[in-house]
Q: 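I'd like to ask you about the structure that follows.
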Amino acid sequence: MGGCACATLLPSTLFLGMRNAAAVEAADKLDLTGKLHLADVALGLAKSGGASYADFRLCRYQTEYLEAKEHRLEESSIGLSAGFAVRVLLNGTWGYASSSLATEAEVTKAISSALEVARASQGLQLRKFVLEDVPVYQDRWDMPMKADPFLVPADEKINKLLAINEAALKAGANYATAAFAFVREEKFFASSRGSRIEQVRVRVMPETEVTVIDSGTGKFATRAGFAAPRGSGYDYILGYDFIGEATKAAEQAREKLAAKPVEPDDYDLVLDPTNLWLTIHESVGHPTELDRALGWEANFAGTTFCTPDKLGKLQYGSKLMNIVADRSQEGGLSTVGYDDDGVRSVGAEFPIIQDGLFVNYQMAIGQAQLIGKSMSNGCAFADSWGAFPIQRMPNVSLKPNPKTCSLDDLISGVRRGIYIMGNGSWSIDQQRHNFQFGGQLFYEIKNGKLGGMLRDVAYQGSTVEFWNSMDGIGDKSTYFLGGAPNCGKGQPEQTAPVSHGAVPARFRQVTVLNTGRKAAA
Amino acid sequence: MLNEADAQAITNKILALSKADSCIVSISGFENRHIRYAQNMATTNGAPGGMSISVESHFGKQSGSATGTDFDDKSLATLVEDSEATAQRAPENPEFMPPIGPQKYPTGTAFSATTQNTTSAQLAAAIQPVLQQAEAKNLQASGFLQIGTGFSSFATSKGLFVFDQSTDVLHTITARTPDGTGSGWAGTTLYDFSKLDALAMGGVAIDKAIRSQKPRKLPPGKYTVILEPSAVSDLVGMMMEEFDQRSADEGRNFATKKGGGSRLGENVFGKNVTITSDPNDPVVPGGIYSDDGLPANRTVWVDNGVLRNLQCGRYWAQKSGRAPVPSPNCLTMAGGTTSTADLIKQTKRGLLITRFWYIREVDPQTVLLTGLTRDGVFLIDSGEIVRPVCNFRFNESPVTMLNKVIAMGPSVRTYGEEITDTPISVPTLLVDEFTLSSVSDAV
């Protein structure tokens, strides 16, 4: 037994409360004893089949989705998706299999299938996979949460959605959409090394948008809400002013229709954290993934300009740039006790960019040794019971300025620029150099003062040049935790939830284009 | 995996348990096998599978659904109970449409027993020579080969039951030079594994990787471009996602007519543009049923440049006095007869583009999209490819682009970066004035 073997395993049913009938029944049908038994069957068969390593993951995802359009409830659905995957390492070659039927017979079949896949692929194994000695844990981790969204009456959630739309329509929107998605993820992990880990976490994902139409000109404008998805309870929904935002959003969307089109040029930008979190995700989170640097994503997500020879040498950004990776941040979508390789991740924060210098990659098991490191830093994730864990992002965030600095302070240092809020369209090349990001709201900055609204703005840049042009960032009072529930990577493609903390930041002389012109150049 | 009889038996159990005014039962499942490889070796290989069942219950105009993955009798009863509780908690939806009764469906043609019976050893045997070929040329090959079998059924309490099954094959390969200055790609989907020529695809990716080495920068601007099928599939496919009657009628779509209504019947595209969907298309067969269980019959979306159909749900169809138009399960853009070599020959100065990456909508009003070129861009001068050039970011609308098509090759089945679930067949296009707005250093 190594590492931190904390609490003993607790029965899952303690955490179920008044859930939908299927969730309660599933927990009754396969309790912890049942899971441990299936794990023993799987791992025993893997060992006797010759696997040097194996793991077994059994997951349940309880979901709820509610969507309101204008004054009507468009969709109300709940779900319970359960199943397991087994992964074997046979003579240095991976094989895995999965099934939605968690029975002993199905586990036996899956192990046989995983071994067959690994055997069949051995002729293609130019270099054998070797895994580091991950410490063994027997533990249970539960995401701290005040109000479980699955225990909140549906009426309350539905009425909230309808009220959000009502506020938007009352404020002049022609159309309004509001949706809540909730996920409760229960994962049981067992490895041939001896780990047995149970984890429960919840995600809440609000989404709102208003549309206004000018029938005279045939133009329309939208304004999406700024509420980020979070690894939180329903208390996050209760604490967010959706009604106030919907009212404001309708007015802002109307203002957008009459806003001045931006003149394409180089501008100083002040990026609100509601915009910057996604820029961090694309231009810092992805480039510093080790599997990309090793070429393992070359056929899909791409490689990276951040090659291992640049580790500890590349001045990624200005001295103000400190990017930290964590799986502990309250509300973080990547916050979890252990990653899907069974590596302990709580309390294992590490810097990615320190004072502007590139200092660390994100890693899953079997990767660290390839760049002369000894151990994964806990960044593996599988998006379902049926998926193979691959390297995915922890929470990757820009640390606030230790000195006092407000949004107004940043704006006051701009003679001619643009302040951008919210996310619009986003796109970046497969090595993470060239990006283009839009936004929801754009305001002119003139001589240190915020001016009127602009429209059709998108900014383009090259990652290292852009981050080195950052000369001001907000302090901790300006911190905002953004995030995405659906970051895509891997083949078969997997979508991962990930959060990014950010503060407002100022960037000098960034290329801005007008997206409203017939073809934006 | 369930066969038709098993799916029907489970459906009947659900229908017998239902206490709702009406209900819909959907079941689906899949069994896949894949080999993923990178740096000339296998990485993550697997055989995932699973099934799910969904019950949508209705009480008057109240509606709710529950989905599960357990199929024993007790779980099915609980699923119905959850579905009905969800419906009873929902307010009435004034746009609720009751489920439909029996329909006449086309016979499915997207299934291959060969694919269903393909083993992991056969997948490995298909990949082995590709990796050897890359090794021999001192290149690094990465790719993904997957075969899958899937089924789905859809039933209503009004007597409708439809079962469909399909197979699919996906192979994509990227070859890169060890110095990271050259990259080539090939990819396609099929439904019949016996038609896959992985080695030939590897050859295309390898050839492009070698020819694309050490590219030079060209200034951004408007270029004549030859877009290979993968690039075209993404632009056409993403545009088709905007083919929506209701949003056009409501004034929030590219197909909205100034002053109100939609542009149906207008020349929205160039006369050489025709887009259809046909579940029995021999090249890209698709699923036999679509939204709400409606038959996926052949649909002409664009006919010689004229906008003929927009996807239209049952409620909006009823409200606006139209027939519903289900969304397509496959897509074909009709092609021409000019070979890529001849398209190159007739290009005075332009760029040959292999494919695109990370495409996102910038402006829904015009369907302005942005994204980047990837895995091979070549300068054409006086009808000949003269050298590789660096990648570009584009900002262009497919609606605009499809008014500037000078010539096209035959329509072929392909695979795009963004349109991954819809079988699609499109031609190589020679297009005038395509907007490339900045240069990317990525290879």
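Lettering follows sequence order; numbering is per chain, from 1.
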Q: Looking at A/Ile158, A/Thr304, A/Leu101, which one has more heavy-atom pairs under 4.5 Å with chain B than the rest?
A: A/Ile158
Q: Dump the intermediate steps for side chain to side chain donor-acceptor pair (under 3.5 Å) on B/Ser142 and A/Asn299, then the final yes or no.
A: CA-CA 5 Å; B/Ser142 304; A/Asn299 186 53; over 6 Å; no
Q: Using non-hydrogen atoms only, which part of B/Ser440 is less than 4.5 Å away from chain A: side chain, backbone, both, or neither?
A: both
Q: Below 4.5 Å from any heavy atom of chain A, which atoms of B/Tyr37 appear? Answer side chain, backbone, both or neither.
A: neither
Q: Holding to salt bridge (Lys or Arg N to Asp or Glu O under 4.0 Å), I want the full list of residues that pass it with B/Arg263, two or more places apart in sequence or in another chain.
A: B/Glu266
Q: For A/Arg432, is it the side chain, the backbone, both or neither that has a heavy atom under 4.5 Å from a heavy atom of chain B?
A: side chain
Q: Output the distance between atom OG1 (B/Thr86) and atom OH (A/Tyr65), rounded to the nearest 0.5 Å.
A: 15.0 Å
Q: Less than 4.5 Å to any heavy atom of chain A: does that hold for the side chain of B/Gln146, its backbone, both, or neither?
A: side chain
Q: Is A/Pro153 close to chain B through its backbone or its side chain, or both, or neither, when contacts mean heavy atoms under 4.5 Å?
A: neither
Q: Examine whether an atom of A/Ala82 lies under 4.5 Å from a heavy atom of chain B, and if so say whether it belongs to the side chain, the backbone or both; otherwise answer neither.
A: both
Q: At a heavy-atom separation under 4.5 Å, does B/Arg252 approach chain A through its side chain, its backbone, both, or neither?
A: both
Q: Answer with side chain, backbone, both or neither: which region of A/Ser121 has an atom nearer than 4.5 Å to a non-hydrogen atom of chain B?
A: both
Q: Which bit of A/Leu73 comes within less than 4.5 Å of chain B, counting heavy atoms only: side chain, backbone, both or neither?
A: both
Q: If you count heavy-atom pairs under 4.5 Å with chain B, which of A/Gly438, A/Gly123, A/Gly424 comes out on top?
A: A/Gly123
Q: When heavy-atom pairs shorter than 4.5 Å are enumerated against chain B, which of A/Trp296, A/Tyr96, A/Phe435 gives the highest number?
A: A/Tyr96
Q: For B/Asn32, check side chain to side chain donor-acceptor pair (under 3.5 Å) against everything at least two apart and list the hits.
A: none
Q: Checking heavy atoms, do the side chain of A/Ala114, its backbone, both or neither come under 4.5 Å from chain B?
A: neither
Q: Is A/Leu294 close to chain B through its backbone or its side chain, or both, or neither, when contacts mean heavy atoms under 4.5 Å?
A: backbone
Q: With a 4.5 Å heavy-atom cut-off, do B/Arg33 and A/Val117 have their side chains touching?
A: yes
Q: Using non-hydrogen atoms and a 4.5 Å limit, figure out which bit of B/Pro48 sits close to chain A: side chain, backbone, both or neither.
A: both
Q: Could you tell me the separation between the OG1 atom of B/Thr43 and the CZ atom of A/Phe388, rounded to the nearest 0.5 Å?
A: 8.0 Å
Q: Sort by residue number and list every residue of residues 355-362 of chain B having at least one heavy atom under 4.5 Å from chain A.
A: B/Arg355, B/Trp357, B/Tyr358, B/Arg360, B/Glu361, B/Val362
Q: Where does B/Asn40 contact chain A at under 4.5 Å (heavy atoms): side chain, backbone, both or neither?
A: both
Q: What part of A/Ile78 lies closer than 4.5 angstrom to a heavy atom of chain B: side chain, backbone, both or neither?
A: both
Q: Where does A/Thr511 contact chain B at under 4.5 Å (heavy atoms): side chain, backbone, both or neither?
A: neither
Q: Go through it in stages, so that I can follow the logic: the residues are B/Arg393 and A/Ser427, the test is side chain to side chain donor-acceptor pair (under 3.5 Å), and I'd like the CA-CA distance, side-chain angles, deciding distance and then a yes or no.
A: CA-CA 9 Å; B/Arg393 169 173 297 286; A/Ser427 168; 3.0 Å; yes
Q: Show your working on side-chain contact (heavy atoms from CB on, under 4.5 Å) between A/Thr211 and B/Glu250 and close with a plain yes or no.
A: CA-CA 11 Å; A/Thr211 302; B/Glu250 289 179 341; over 6 Å; no
Q: Sort B/Val443 into side chain, backbone, both or neither according to what part of it lies under 4.5 angstrom from a heavy atom of chain A.
A: both
Q: Before you tell me yes or no, could you show the steps for A/Asn434 and B/Ser438 under side chain to side chain donor-acceptor pair (under 3.5 Å), namely the whole-Å CA-CA distance, both residues' side-chain angles and the distance that decides it to 0.1 Å?
A: CA-CA 8 Å; A/Asn434 176 307; B/Ser438 61; 3.1 Å; yes
Q: Within the structure provided, determine whether B/Thr420 and A/Glu493 are in side-chain contact (heavy-atom separation under 4.5 Å).
A: no
Q: Give, as side chain, backbone, both or neither, the part of A/Phe300 having an atom under 4.5 angstrom from any heavy atom of chain B.
A: both
Q: Identify, with sequence neighbours excluded, every residue that meets side chain to side chain donor-acceptor pair (under 3.5 Å) alongside A/Glu70.
A: A/Arg72
Q: Without swapping roles, check the side chain of A/Ser99 against the backbone of B/Gly50 for a donor-acceptor pair under 3.5 Å.
A: no
Q: What do the steps show when you test A/Asp429 against B/Asn391 for side-chain contact (heavy atoms from CB on, under 4.5 Å), and what is the final call?
A: CA-CA 9 Å; A/Asp429 71 41; B/Asn391 282 307; over 6 Å; no
Q: Could you look at B/Thr256 and say if it's the side chain, the backbone, both or neither that has a heavy atom under 4.5 Å from chain A?
A: neither
Q: Quick one: what part of B/Lys257 sits under 4.5 Å from any heavy atom of chain A, side chain, backbone, both or neither?
A: neither
Q: Please classify the contact between A/Gln460 and chain B as side chain, backbone, both or neither, with a heavy-atom cut-off of under 4.5 Å.
A: side chain
Q: Identify which part of B/Glu135 has an atom lying under 4.5 Å from any heavy atom of chain A, answering side chain, backbone, both or neither.
A: side chain
Q: Are any non-hydrogen side-chain atoms of A/Gln491 and B/Leu170 less than 4.5 angstrom apart?
A: no
Q: Does a side-chain heavy-atom distance below 4.5 Å link A/Thr515 with B/Leu368?
A: yes
Q: For the interface with chain B, which of A/Glu74, A/Gln122, A/Glu116 has the highest count of heavy-atom pairs at distances below 4.5 Å?
A: A/Glu116
Q: For chain B, which candidate among A/Ser76, A/Gly79, A/Ala110 shows the most heavy-atom pairs at distances under 4.5 Å?
A: A/Ser76
Q: Does any backbone or side-chain atom of B/Arg36 lie under 4.5 Å from a heavy atom of chain A? Answer side chain, backbone, both or neither.
A: side chain
Q: So which of A/Gly490, A/Gly386, A/Ser215 has the biggest tally of heavy-atom pairs under 4.5 Å with chain B?
A: A/Gly490
Q: Please report the interatomic distance NZ(A/Lys157) to CZ(B/Arg89), rounded to the nearest 0.5 Å.
A: 8.0 Å
Q: Relative to chain B, which segment of A/Leu80 carries a heavy atom at a distance below 4.5 Å: side chain, backbone, both, or neither?
A: both
Q: Side chain, backbone, both or neither: which part of A/Phe129 has a non-hydrogen atom closer than 4.5 Å to chain B?
A: side chain
Q: Considering only heavy atoms, which portion of B/Leu79 lies under 4.5 Å from any heavy atom of chain A: side chain, backbone, both, or neither?
A: neither
Q: Would you mind checking which part of A/Glu297 comes under 4.5 Å of any heavy atom in chain B, side chain (CB onward), backbone (N, CA, C, O), both or neither?
A: both
Q: Is B/Asp70 in contact with chain A via its backbone, its side chain, both, or neither, using a 4.5 Å heavy-atom distance?
A: side chain
